[in-house]
Amino acid sequence: MTVSIESLLKETRVFPPDEEFSTHAHIRSMEQYQALYDKSIQDPEAFWTEMAQALHWFAPPRDILVEDPPHARWFVGGTTNLAYNCLDRHLPTLRRNKAAILWEGEPGETRILTYHQLHREVCRFANVLRKLGVRAGDRVAIYMGMVPEIAVAMLACARIGAVHTVIFGGFAAEAVRDRINDAKASLVVTCDGAFRRGQVIPLKPVVDAALGQCPTVRHTVVFRRTGDRINMEPGRDHYWHEVIEAVTASAPPLPVEAEHPLFILYTSGTTGKPKGVVHTTGGYMVSTYLTTKYVFDLRETDTYFCTADVGWITGHSYVVYGPLSNGATVVMYEGAPNFPDAGRLWQLCERHGVTIFYTAPTAIRAFMRWGEQWPMKADLSSLRLLGTVGEPINPEAWMWYQRVIGNARCPVVDTWWQTETGAIMISPLPGATPTKPGSATLPFFGIEAEVVRKDGTRCEDNEGGFLVIKRPWPSMLRTIFGDDERFKKQYFADIPGVYFTGDGARRDEDGYFWLMGRVDDVLNVSGHRLGTAEIESALVSHRTVAEAAVVGRPDELKGQSLVAFVTLRPGNPATPAAKHELAEHVAAEIGRFARPDVIRFTDVLPKTRSGKIMRRLLKEIAGGSETKGDVTTLEDLSVLAALRASQEEE
Ligand code: PRX
């Protein structure tokens with residue numbers, strides 16, 4: 001938190017909401033937004049009581065919020081079940097035979113699961129889990145590709161009160177092992193493999209490699225997707241299609257306390273070990289339900305497509321729980337956006353008549369690079385709303401998205417939130433909020449956001465500072481799994497009394513928030529949060545490496561690219577082959593998405609007298625700019641010249 005933030009961006013375009021859109025929207029004007037927002041802040045008890053009533057509770061909440069700072073419990077005394085709210089609740093209505101999931105595999109096949117069918121699949125898998133000894137509170141790891149069964153597995157856990165931890169299918173064996181062990185999972189649900197860009201990505205072999213060192217895992221269930229030959233260990237490994245045959249499709253949902261843990265999701269932090277962010281049932285349910293309804297202005301007839309992988313928080317909240325609790329039709333796509341060609345997503349939108357499309361700025365920049373001819377080839381007239389999430393969107397990408405994909409008639413909602421926040425926190429409401437390209441605009445109901453200085457005082461308009469949230473909200477993380485001290489230290493220690501997001505921001509004269517990226521040692525590469533420390537540990541685990549420091553540098557396509565400064569152990573030559581080997585090593589340890597883009601060998605790293613690596617200097621060098629600012633704490637000035645020389649060699 002030593003970074004001072006300078007805000008340079010000035011954007012003056014404003015897009016008022018379309019009148020026709022507003023007429024039919026849930027929230028139709030700024031007055032309506034403001035009135036509801038004020039109520040949510042001034043009388044949260046009344047506001048959340050009313051909002052929670054849209055969902056089913058077996059026993060109604062007694063207290064809306066019980067605070068024990070920095071901890072907060074929501075809807076205390078209430079019992080509910082999220083799978084019940086996503087499925088059973090819809091069955092006596094016209095939604096019974098409505099498509100819940102419209103799935104498309106990369107090779108081109110489609111599957112449709114109605115709410116009735118999805119309910120049956122979830123019940124059967126819930127019975128499988130019970131039969132394999134999973135009880136309420138037990139952790140189940142899910143390491144799968146984007147097949148409907150990933151949602152089935154999550155909902156089945158929720159149905160029986162088991163806690164899922166989904167591990168993104170791009171993670172390598174070591175990362176999978178660490179997450180399974182940290183969560184102490186007793187069962188792993190996986191696939192034989194997944195299709196991606198025409199290739200088979202092996203998944204079960206990765207699980208096999210991890211399980212050698214996962215003493216808590218007793219069983220795996222393997223969904224057959226690619227049909228590849230895999231190793232199945234008798235007694236431990238079970239094929240999904242076999243175990244599902246031996247159970248019935250009736251599985252009563254377990255009513256759980258509102259604060260019963262729903263899932264753990266690992267995300268990168270500033271130190272090496274990923275953090276197991278814990279979300280609980282009631283608050284997460286209400287917030288994801290409500291934000292999906294209002295931010296996407298969801299209607300019964302919508303066909304909703306969020307391109308995120310279910311392995312990340314966006315997939316949890318806005319592929320699975322938010323849309324399904326609203327009874328929406330969700331489009332789910334298995335593969336790469338440019339397979340077999342760069343028009344794939346637009347063909348998908350046309351084929352399924354997608355009305356709401358939610359993606360990430362890194363994807364939008366890729367679409368821009370691939371060219372307008374691809375979306376032009378498809379009929380995108382069904383689209384009525386566009387969303388973006390994951391990193392700051394540059395105004396040019398926003399404008400392109402609005403003009404080319406939205407045909408200048410769809411509102412764009414730039415939604416700011418985090419794994420920790422569980423649900424969207426700052427976003428336009430499309431029928432009410434005038435949008436400004438590059439701004440996530442205004443806080444959602446119940447969210448009291450502020451930009452402050454390091455001492456906690458409020459910044460002036462347009463002064464860059466730290467984004468904080470000043471009061472608890474229903475879907476906030478409850479703790480870091482197994483490490484409550486880290487929870488307190490990470491989010492509540494730097495600026496007393498508030499939740500610190502780790503993001504820099506400014507607030508303009510209209511109260512609009514402009515996000516400026518992370519202020520800590522966490523990078524945002526292609527919309528994925530990566531801790532520099534995790535990549536550094538991977539590098540240092542290679543036998544040739546003595547020391548490593550990883551920094552980000554701005555990248556047109558990926559948001560940030562990874563630059564690693566590496567000091568080799570004596571006797572190891574600094575060759576291009578060595579660079580390649582190290583990059584591959586990181587890919588094998590963490591996953592390909594964490595592979596450094598550039599590796600620079602250096603004899604020394606710039607350090608303070610107390611031995612801390614001066615990342616600020618490395619960032620400046622990586623970005624090719626002059627090193628400015630204070631270098632008096634640098635132990636050895638000649639290091640800078642040496643580092644620059646390493647840049648010139650490149
Ligand atoms: O830096 C912010 C950025 O992504 C971070 C959260 O990353 P993660 O937990 O992986 O969740 C991503 C999906 C919710 C934030 O701290 N971020 C996310 N959305 C935006 C954003 N930055 C600017 N604008 C956004 N809309």
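The model shown is predicted, which means the values in this text are computed figures rather than measured ones.
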Please report the shortest heavy-atom distance between [X] and [Y], naming the atom on each side.
X	Y	value
Val550	Glu536	N-OE2, 2.7 Å
Ala183	Thr165	CB-CG2, 4.0 Å
Gly343	Trp374	N-CE3, 3.4 Å
Thr292	Gly322	OG1-CA, 3.2 Å
Ala588	Ala172	O-CB, 2.7 Å
Val389	Pro361	O-CD, 3.2 Å

Counting distance only, does the side-chain N/O of [X] pair as donor-acceptor with the main-chain N or O of [Y] below 3.5 Å?
X	Y	answer
His241	Phe223	no
Gln418	Thr501	yes
Asn338	Asp341	no
Thr362	Leu557	yes
Ser439	Thr441	yes
Lys98	Gly327	yes
Tyr239	Met232	no
Lys275	Thr267	no
His279	Thr419	yes

Less than 4.5 Å apart, any side-chain heavy atom of Met368 and any of Tyr401?
->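 Heavy-atom side-chain distance check fails, nothing below 4.5 Å.
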Would you indicate whether the side-chain heavy atoms of Thr435 and Asp414 approach each other to under 4.5 Å?
->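 No, too far: nothing below the 4.5 Å cut-off.
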Could you check Asn394 against Arg365 for side chain to side chain contact (heavy atoms under 4.5 Å, CB included), going step by step and ending with a plain yes or no?
-> CA-CA 9 Å; Asn394 38 317; Arg365 290 191 298 266; 3.7 Å; yes
Look at [X] together with [Y] and state whether they make a salt bridge at an N to O cut-off of under 4.0 Å.
X	Y	answer
Asp192	Arg229	no
Glu149	Arg225	no
Arg384	Glu20	no
Lys204	Asp228	no
Lys558	Glu391	no
Arg196	Glu334	no
Asp503	Arg518	yes
Arg95	Glu300	yes
Arg179	Glu174	no
Arg369	Glu556	yes
Asp597	Arg553	no
Glu372	Arg403	yes

Option passing side-chain hydrogen bond (donor to acceptor under 3.5 Å, both in side chains) with [X] (candidates [options]):
X	options	answer
Glu104	Arg344, Arg111, Gln347	Arg344
Thr359	Thr314, Thr307, Thr388	Thr307
Asp302	Thr355, Thr329, Asn326	Thr355

Pair Cys410-Leu385, side chain to side chain contact (heavy atoms under 4.5 Å, CB included): steps then yes or no | CA-CA 5 Å; Cys410 299; Leu385 178 75; 5.6 Å; no
Run the numbers on Arg13 and Glu396 for salt bridge (charged side-chain N to carboxylate O under 4.0 Å, His left out), then give the verdict.
-> CA-CA 11 Å; Arg13 288 169 287 202; Glu396 285 331 298; 3.4 Å; yes
At what distance, to the nearest 0.5 angstrom, does [atom1] of [X] lie from [atom2] of [Y]?
X	Y	atom1	atom2	result
Thr421	Tyr284	OG1	OH	10.0 Å
Arg595	Ser561	CZ	OG	13.0 Å
Leu113	Leu102	CG	CG	9.5 Å
Asp521	Ser268	CG	OG	12.0 Å
Leu203	Ile167	CG	CD1	11.0 Å

So His164 and Phe263, would you call those rings parallel, tilted or perpendicular, with 30° and 60° as cut-offs?
->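 Judged by the thresholds at 30° and 60°, the geometry between His164 and Phe263 is parallel.
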Look at the rings of Phe15 and Trp398 and say which category their plane angle falls in: under 30° parallel, 30 to 60° tilted, over 60° perpendicular.
->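 The arrangement is tilted - the two ring planes meet at 30° to 60°.
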Check the pair Arg409 / Asp18 against salt bridge (charged side-chain N to carboxylate O under 4.0 Å, His left out), numbers first and verdict last.
-> CA-CA 8 Å; Arg409 65 186 169 76; Asp18 179 71; over 6 Å; no
Decide side chain to side chain contact (heavy atoms under 4.5 Å, CB included) for Ile405 and Leu383; before the verdict, give the C-alpha distance in whole Å, the side-chain angles of both, and the deciding distance to 0.1 Å.
-> CA-CA 8 Å; Ile405 306 304; Leu383 287 174; 3.8 Å; yes
Please identify each residue that fulfils side chain to side chain contact (heavy atoms under 4.5 Å, CB included) with Asp309, with sequence neighbours left out.
->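 Checked Asp309 against side chain to side chain contact (heavy atoms under 4.5 Å, CB included); matches are Met146, Phe168, Trp312.
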Does the separation of the ring centres of [X] and [Y] fall below 6.0 angstrom?
X	Y	answer
His585	His580	no
Trp346	Phe367	yes
Phe171	Tyr143	no

Stepwise, does the side chain to side chain donor-acceptor pair (under 3.5 Å) test hold for Asp182 with Tyr266?
-> CA-CA 10 Å; Asp182 190 80; Tyr266 287 86; 2.7 Å; yes
Begin from the C-alpha positions of Val522 and Thr532 and carry the test side chain to side chain contact (heavy atoms under 4.5 Å, CB included) through to its verdict.
-> CA-CA 6 Å; Val522 175; Thr532 52; over 6 Å; no
So among Tyr289, Phe357, Trp417, Tyr304, which one has a ring pair (Phe, Tyr, Trp, His ring centres under 6.0 Å) with Tyr318?
->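 Of the listed options, the one satisfying the test is Trp417.
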Test side chain to side chain donor-acceptor pair (under 3.5 Å) applied to His542 and Glu589, step by step | CA-CA 10 Å; His542 193 269; Glu589 289 276 312; over 6 Å; no
